[in-house]
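Not measured: the values here are computed from a predicted model.
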Amino acid sequence: MRSTVSFILDGKIIDLEFKNSEEFSSTSTVLNYLRSLHTHKGVKEGCAEGDCGACTVVLAEFVDNKISYRAVDSCLIFLPMIHGKQLITVENLKSPEGELHPVQQSMVDLYSSQCGFCTPGIIMAMFALYKNYSKPTREQIDDALTGNLCRCTGYRPIVEASTKSCVHNCTDHFTDDEPQIIELLKSISKESIHIQTDNQKYFRPASLGEAISLKHQHPEAIIINGATDIALHVTKNHELLKEIIDLSGVEELKAITKTDSSIKIGAGVSLNDILLPIEKDFPALHEMLKVFGSHQIRNLATLGGNLGSASPIGDTLPVLMAYDANVVLESLNGRRVIPFNDYIIGYRKTVRKPDELITSIIVQKLTNGSIVKSYKVSKRKYLDISTVSAGFKIDLNGINVKSIILAYGGMAERTKRALTVEQFLIGKRWERKTVEQAMTLIEKDFTPISDARGSAEFRIKAAQNLLMKFWLETKK
Amino acid sequence: MKTENQIPHDSAVGHVTGEAIYIDDIPVNDQLLIGKVVYSRYAHAKIKSFDLSEAKKVHGVHAVLCYKDIPGYNQMGPVIKDEPVLAENEVTFIGQAMFLIAAETEEKCREAEMLIKIDYEPLDAILTIEKATEKNNLLGPPREMKRGDADSVLKSSKHVIGGELRTGAQEHWYLETQACLSVPGEGKEINVFSSSQHPSETQALVAEVLGIKKHEVVVEVKRMGGGFGGKETQANHVACWSALLCYATKRPVKIRLVRDDDMIMTGKRHRYLTKYEAGFDDDGLINAVKLEFNSDGGAATDLSFAIMERTMLHADNSYYIPNMSVKALVWKTNLPSNTAFRGFGGPQGMAAIETIIDKIARYLKKDPAEIRNKNFYGLNDRNVTHYGQTVEHNRLHLIYDQIIKSSEYEKRCKEVDDFNIKNEFFKKGIALTPVKFGISFTTTFLNQAGALVNVYTDGTILVNHGGTEMGQGLNTKMQQIAAAEFGVSVDRVKVNATNTSKVPNTSATAASSGSDMNGMAVKNAIDTIKERISNELAQIWTQQQSNNPTIQQSILFKDNLILDSDHPERKISFSDAMHQMNLRQVSLSAAGFYKTPTVGWDKIKGQGKPFFYYSFGMAVSEAMIDVLTGQHTLLRTDLLQDVGDSINPGIDMGQVEGGFIQGVGWCTTEEIKWDSKGNLMTHSPDTYKIPTVQDIPKDFRVKLLEGAPNPVGTIRRSKAIGEPPFMLALSVWLAIKDAISAVGNHKIEPEFSLPATNETILLSIEKLKEKIKR
């Protein structure tokens, strides 16, 4: 056990101690840390909530015998979360000889910066793209850049710079430095971290067993599993989080296990790491994750986190409900497997007990021709929170509805099924006329609110129409 | 050697390496204090009492100020003095500054803020144009502009349409929020590092608020992380606040608004409610238009009247309207004072006339592009605007012909129709819209600019000018102009931070005029220096061979040399020459000045020539909507923009594309909402949605009009480019409307407003479906 957070910055290991009087606490963000250094002012704050990407940095980590490079929003990361990683900022991109990195040079050549304030973040998103894809497709480029808002250029020259620069087989001066960086990364102990100051306790356990016992000892502790939601309590509301258990160091939670009939996704797997394994067998979940936040957010966010917050507008919840997924909870008293339908019981309330951790989510493959679809209605298609979202499942018996699940987000205080509509549809012919009748029943199940994202009238209308959309996509 | 027009942005390397410095990055000594603004939580309230004593006691807090602590004048309105720096007895919007705190850390500021006690007495708040109208709460007298007799022509007109249009507010969302660093100097001196589009006004207001003379205040602007009009007047506020704290503590004070505070406290693009009527014949030729513009000015005047004036002057957009009546009312509400934003009232004016044309086309069952073409200003007749300016050098017809062909407009209209016949749940729409934008400040005296050019003895050049760099590439263009005028490579020229002690009494970098005016001022300064140099060189060379004199007029500056074109052997390198000039006591520094010629107009009568020239452009956009969710996809945009002879096509292209996409945001996903108490509901990017990379047209074809130098004498025959492309986004808005209209086979006029959010689109479709059923 240690109380020091260690990471690599500018080629050297930095050891941070958190003492009572120090400038930084364990919930200080990586962004605020970097901006306090006169050498890293290139990292910008645009919103402090992960919605603009101006603070994008890249985290390099030694996994599976190679270094992975991932773009993340530094405003959403608490310092202990980068323990054992290399923190790369825009200042590190020039070669030791002072030459611009290919992604930088193409941005200069193609007029891709104007005011320049978003540019360092964009450069870092492009750098991660460069390290992960040789000749990326337009779709991959767009995805890599979705999390970076630019108000000046209209993006076209940035896309062009990405296309033209990401062709070098991912090699650059970072490739040359890797052996040395790997040695440094290996030298940082992966043991658990406990940071205690007068007003704050931050635990970063190194094993699931330790995490479960910590939760037992500190049932009131806030669990962070990606922190893309919890971080806002600090950056926006300036709340003091008194007890925190950070699961980012628990390797057991980062596993995906597939069987013939199901997939078990560890609660700590980043959403980006889920995308590929679920693409074939769980297309509806895949569709939903593709429009979840941004690339940077998905490198941090986890299913465990999404289920833990249980927000009424959590994007993955309706579709997991439609798949009838199982949530696995563990505590010192053992393991419970909760069907998704029984998991959420109110506004951000679940059946999880204070001493329990969400450890995995199990989704069964569909059988016998059942179909699941997911939908998200939001003001902006990408990088937006849904106004209405939905996960629907249907089993047909010939032309008749055998069973149906209609789960909605954004329509009530929690993810909720349209039970009246479901009841109405069971046994009926799956045809346009029935669906049109069913649509009129939505109001019996929901009385949504009007807010910044949309009016109640719009929500009802969209919820009704999604049924029609579902029918169009599943009709025989 | 790079003297060509394709050099990159002069800060591009700084941008991509993170080395470019913004206000929050300026190195300051350990005396720096952080400033915080405490603002009103009520839209309208009397301040019965307040108590700052506990806040002042917090360890690490160095000042807590209220209005009584202002040494000078408690006003910061740019034109009309109706904006207190700090509220006195009343607050008139949520976000209005009341107190200022300076402390060693942000945490200490927050701690002190929590200890401030305020006793408010809430008063009735006006939060909509409707309520302001009901209470007759105008910000100033209404205005009218008239030509002919719209009323009687409308009565006799064969066809008349009318209606109301709402256009929404828009948040600037510059990536760098409002920020300022004030550093005390000796005695009363103060140095203000500001992110301002208008350093001279910032200087004036800081001086007034501190109660000192302007020559004690130096305002410097290196660059802004975006401005878009949002830092034309409202950067002054944060400068005044930081200057007050700096004066009170005698220490450097930095204020940087966090995003939510910036969005809550600052003004936006004015929302409008526009009422219209138009008369036309069977061919769609317009004979009369009557318009009433109602804008939400917010709690104070700011630039609302100048903005409304530009609306009135762009209510014709590109069309000759023989009988026109434009009425304009600016309403006072309990919201932050709305302010300049790219287009400056032009977009709201054009949205109205484009709606009229669109409706006429649907009414007559004709192609809207054809109606537009029919009503364009003529080349030789039908070419005088409703305010009496002749539309000279009209390029509308040229651009129309080119873009109709290059966008394959007719073929694609047919394809859109075919698609719509085959698809019930997805509909496509297409629209062409033009822009004619008047270039000049309509407040004529503002059309002036200054420069100070220094040449050093090593042959390097430092250009100071009155414009500010906010990403638009103004400094790059000034660098190119200076290099071209001196005949040297661009790497010899550096453009300095804008500084009020170098170039005084300047106008805002606004109205798209930055390059036009400052470029001419820079040239003017350089002409003076070149005149001195060539005069001296002519003497030197003539002395060397007096029987064969060098004529001053034959001396050329090119290729890093100065030479006598009549005697090519007489030449000297530019840097050697500068050394020589210094030895021979020739001044290598000169101020330059420019005022835009031939403009002037009578504001009272609404007649004259407010604009030096017009910029023209056109766009064709195609969109698809999902009939079930209201979500839209922008399939393709073709855009053709007149920039005259471009000084830097890469930079101009950036202005065209960037302005257009910002306009797309205003027209589609950017929606500002306030709650019933006047709180901004959309106060962060979580709920306020500007375009991402995924929102640009899937197929985006942008061209600058080629071989079209500006016929009027602008710098290097270029044209202004900052604002005009913004309004081309109306093509996207009307393409979406066309797609909605397709749901009813174009037989029914859809309800429509701006922005066309998914909600607006879906509810419009639903209403259309109900009408079809009936």
Under-4.0 Å salt bridge between A:Arg453 and B:Asp686: yes

message: Using the rule side chain to side chain contact (heavy atoms under 4.5 Å, CB included), only one of B:Asp652, B:Ile651, B:Thr476 pairs with A:Tyr111; which is it?
response: B:Ile651

- request: Against chain B, label A:Ala462 side chain, backbone, both or neither, depending on which of its atoms sit under 4.5 Å from a heavy atom there.
  value: both

field: Check: B:Lys689 side chain, A:Leu383 main-chain N or O, donor-acceptor pair, under 3.5 Å
entry: yes

message: Can you list everything that forms a side-chain contact (heavy atoms from CB on, under 4.5 Å) with A:Val234? Sequence neighbours excluded, please.
response: A:Thr27, A:Phe78, A:Leu241

Choice from A:Ser378, A:Gly454, A:Cys118, A:Ser450 maximising heavy atom contacts with chain B below 4.5 Å: A:Ser378

message: So, using ring pair (Phe, Tyr, Trp, His ring centres under 6.0 Å) as the criterion, who are the partners of B:Phe726 when residues are at least two apart?
response: B:Trp666

query: Does any heavy atom of chain A fall under 4.5 Å from the side chain of B:Glu657, the backbone, both, or neither of them?
result: both

task: Name the region of A:Ile141, side chain, backbone, both or neither, that has any atom closer than 4.5 Å to a heavy atom of chain B.
output: neither

task: Find the one option among B:Trp173, B:Phe700, B:Tyr174 whose heavy-atom pairs under 4.5 Å with chain A are most numerous.
output: B:Trp173

message: Using a 4.5 angstrom heavy-atom cutoff, name the option from B:Thr757, B:Thr633, B:Ile696, B:Ile672 with the most pairs to chain A.
response: B:Ile696

- prompt: Between A:Lys236 and B:Asp260, is there a side-chain N and carboxylate O pair less than 4.0 Å apart?
  reply: yes

query: Non-hydrogen atoms of chain A under 4.5 Å away: do they reach the side chain of B:His632, the backbone, both or neither?
result: neither

- request: Determine yes or no for a side-chain-to-main-chain donor-acceptor pair under 3.5 angstrom, with B:Glu176 supplying the side chain and A:Phe117 the backbone.
  value: no

